[in-house]
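Notes follow once the structure below has been shown.
What you are looking at is a predicted structure, and each value in this text was computed from that prediction instead of being measured. For the single chain, residues carry numbers from 1 onward in sequence order.
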Amino acid sequence: MNLMEYPREDYSISHFARANSYELAGRELYLVMDSGLDYILTIDEEKCSWHIKGESAKQAPYMCFKADDTTFFLSFDVSDLENHTYVLDFEQRLVTQLICRKGVHPVNPHIMERVFTFGAIRMLGYKLPYKRHTFSAEHLGTTVQWRWSPQLFTRHAYLESDWYRITWEDEGAAAEDFDETNEMLPSTDEHAKYIKIKENMFLFSLTEETEERMLGDLQHFRCDNLTLLQNYDRMMQVGRGVGDVQRSGEAGYRHIFVPLAAFGSPVELPEAFLNARNPFTV
């Protein structure tokens with residue numbers, strides 16, 4: 001089959017989503033976090049059990065993807081209001097934890113809280129490493145074209161330490177995939193965080209908070225968080241999206257927890273776009 005003519009191209013952003021990795025099944029991981037809390041993860045082929053040392057365990061189905069041979073992206077929902085994500089870096093014996101929570105904002109329940117915590121993986125026979133993953137500005141000022149399916153690609157500009165910007169072609173799958181409400185925004189800049197995992201590998205996390213604050217009930221998606229582990233040696237990224245989406249043909253919203261993956265190539269954006277006097281130029 002010619003994959004460029006794959007009949008399910010409408011699956012767009014999830015088209016290249018990876019099959020779950022089960023390489024961690026059968027392992028118990030002891031995570032020493034800088035918050036002072038030690039987390040124990042026990043993983044089998046269906047569920048991940050987790051608990052803070054001294055507390056009772058809980059379990060949930062999980063997603064697990066590999067960014068390279070020794071780095072894993074593990075994510076699971078605690079509930080429809082809370083998601084836990086871990087970058088498990090066995091090469092350096094380091095871990096980054098991201099906890100996303102809905103319903104904590106006193107005015108808008110869709111606005112999602114993000115809490116990052118760094119730590120280390122305790123391994124028998126090794127001292128705990130002093131080094132940590134860390135927030136980074138190393139690849140700011142770059143742009144990447146990410147292809148989500150044979151027909152859908154977007155361009156991301158990593159411009160500032162807390163923001164990113166997305167663009168797409170006026171015609172094609174991306175233009176059809178983004179709601180018309182995007183044209184109502186002063187820009188497509190959104191809150192983002194960049195964490196360096198290792199050389200040429202970053203954890204990129206964005207929350208659609210600007211869109212949520214400006215458009216509210218006009219949106220199809222509500223303040224979703226997209227977190228992706230980017231490998232710039234292999235020019236690919238894997239991760240997940242979590243948040244709320246309108247129910248099809250019904251009132252109200254439903255929770256979503258979906259796998260994501262894309263392949264990338266560096267691109268050049270027009271100088272007029274990158275250096276516009278108005279920073280909100282679309």
Side-chain angles (χ1 to χ4, degrees), residues 13-14 16-18 21 31 33-34 63-75 83-100 112 114-121 129-148 153-167 188-210 224-243 258-269 274:
I13 199 168
S14 297
F16 291 135
R18 302 297 182 87
S21 171
L31 310 179
M33 309 305 297
D34 292 346
M63 296 179 187
C64 184
F65 310 114
K66 295 181 69 173
D68 66 11
D69 293 341
T70 59
T71 313
F72 293 80
F73 181 100
L74 176 72
S75 186
N83 175 273
H84 290 202
T85 296
Y86 296 85
V87 175
L88 299 163
D89 174 6
F90 290 101
E91 179 183 358
Q92 303 180 97
R93 291 175 285 121
L94 299 179
V95 59
T96 290
Q97 179 195 64
L98 167 61
I99 296 179
C100 292
M112 196 175 301
R114 287 182 295 173
V115 178
F116 292 92
T117 308
F118 302 112
I121 305 172
Y130 178 76
K131 185 179 178 180
R132 291 290 186 268
H133 299 153
T134 183
F135 291 107
S136 174
E138 186 172 312
H139 72 320
L140 299 189
T142 63
T143 59
V144 179
Q145 175 178 288
W146 292 108
R147 184 168 289 277
W148 303 93
F153 62 88
T154 56
R155 291 173 179 166
H156 292 197
Y158 307 115
L159 298 177
E160 299 186 33
S161 59
D162 290 315
W163 300 88
Y164 101 112
R165 181 177 297 175
I166 187 172
T167 66
T188 56
D189 292 20
E190 280 292 3
H191 295 264
K193 294 294 183 184
Y194 309 86
I195 294 170
K196 184 172 182 178
I197 303 302
K198 60 178 73 173
E199 193 66 26
N200 292 328
M201 185 178 292
F202 296 85
L203 183 67
F204 168 67
S205 181
L206 73 98
T207 301
E208 297 170 332
E209 184 176 335
T210 301
D224 292 348
N225 173 263
L226 310 179
T227 297
L228 294 138
L229 188 53
Q230 302 176 328
N231 184 328
Y232 284 99
D233 285 326
R234 303 181 183 181
M235 288 308 297
M236 48 81 77
Q237 58 181 355
V238 292
R240 62 98 187 103
V242 64
V258 296
L260 302 173
F263 296 95
S265 61
V267 297
E268 292 184 4
L269 292 180
L274 293 174

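Looking only at atom types and distance, the side chain of Lys131 has a donor-acceptor partner in the side chain of Gln92 under 3.5 Å away.
A heavy-atom distance below 4.5 Å is not found between the side chains of Leu203 and His133. A heavy-atom distance below 4.5 Å is not found between the side chains of Val144 and Gln230. Using a 4.5 Å heavy-atom threshold, the side chains of Asn231 and Leu229 count as separate. Proximity of Asn83 to Ser75: side-chain heavy atoms (C-beta onward) are separated by under 4.5 Å at one or more points. With contacts defined as side-chain heavy-atom distances shorter than 4.5 Å, the pair Met235/Gln145 does not qualify. Using a 4.5 Å heavy-atom cutoff, the side chains of Leu94 and Phe118 are not in contact. Asn225 places a side-chain heavy atom less than 4.5 Å from the side chain of Leu98. For the pair His191 and Trp163, the minimum side-chain heavy-atom distance is below 4.5 Å.
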**Message:** Test side chain to side chain contact (heavy atoms under 4.5 Å, CB included) on Met33 and Val95; report intermediate values, then the result.
**Reply:** CA-CA 8 Å; Met33 309 305 297; Val95 59; 3.7 Å; yes

**Request:** Report the C-alpha separation of Val242 and Thr227 in whole Å, then their side-chain angles, then the decisive distance to 0.1 Å, and conclude whether the side chain to side chain contact (heavy atoms under 4.5 Å, CB included) test is met.
**Result:** CA-CA 9 Å; Val242 64; Thr227 297; over 6 Å; no

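Here the shortest heavy-atom pairing between Arg234 and Ala67 reads NH1-O, 4.1 Å. Across Gly239 and Leu228, no two heavy atoms sit closer than the pair N-CD2, 3.8 Å.
Between Phe153 and Phe263, the gap from one ring centroid to the other reaches at least 6.0 Å.
Using cut-offs of 30° and 60° on the angle between ring planes, the pair Tyr194 and Phe204 is tilted.
Remark: Arg114 does not engage Asp162 in a salt bridge, criterion side-chain N to carboxylate O under 4.0 Å.
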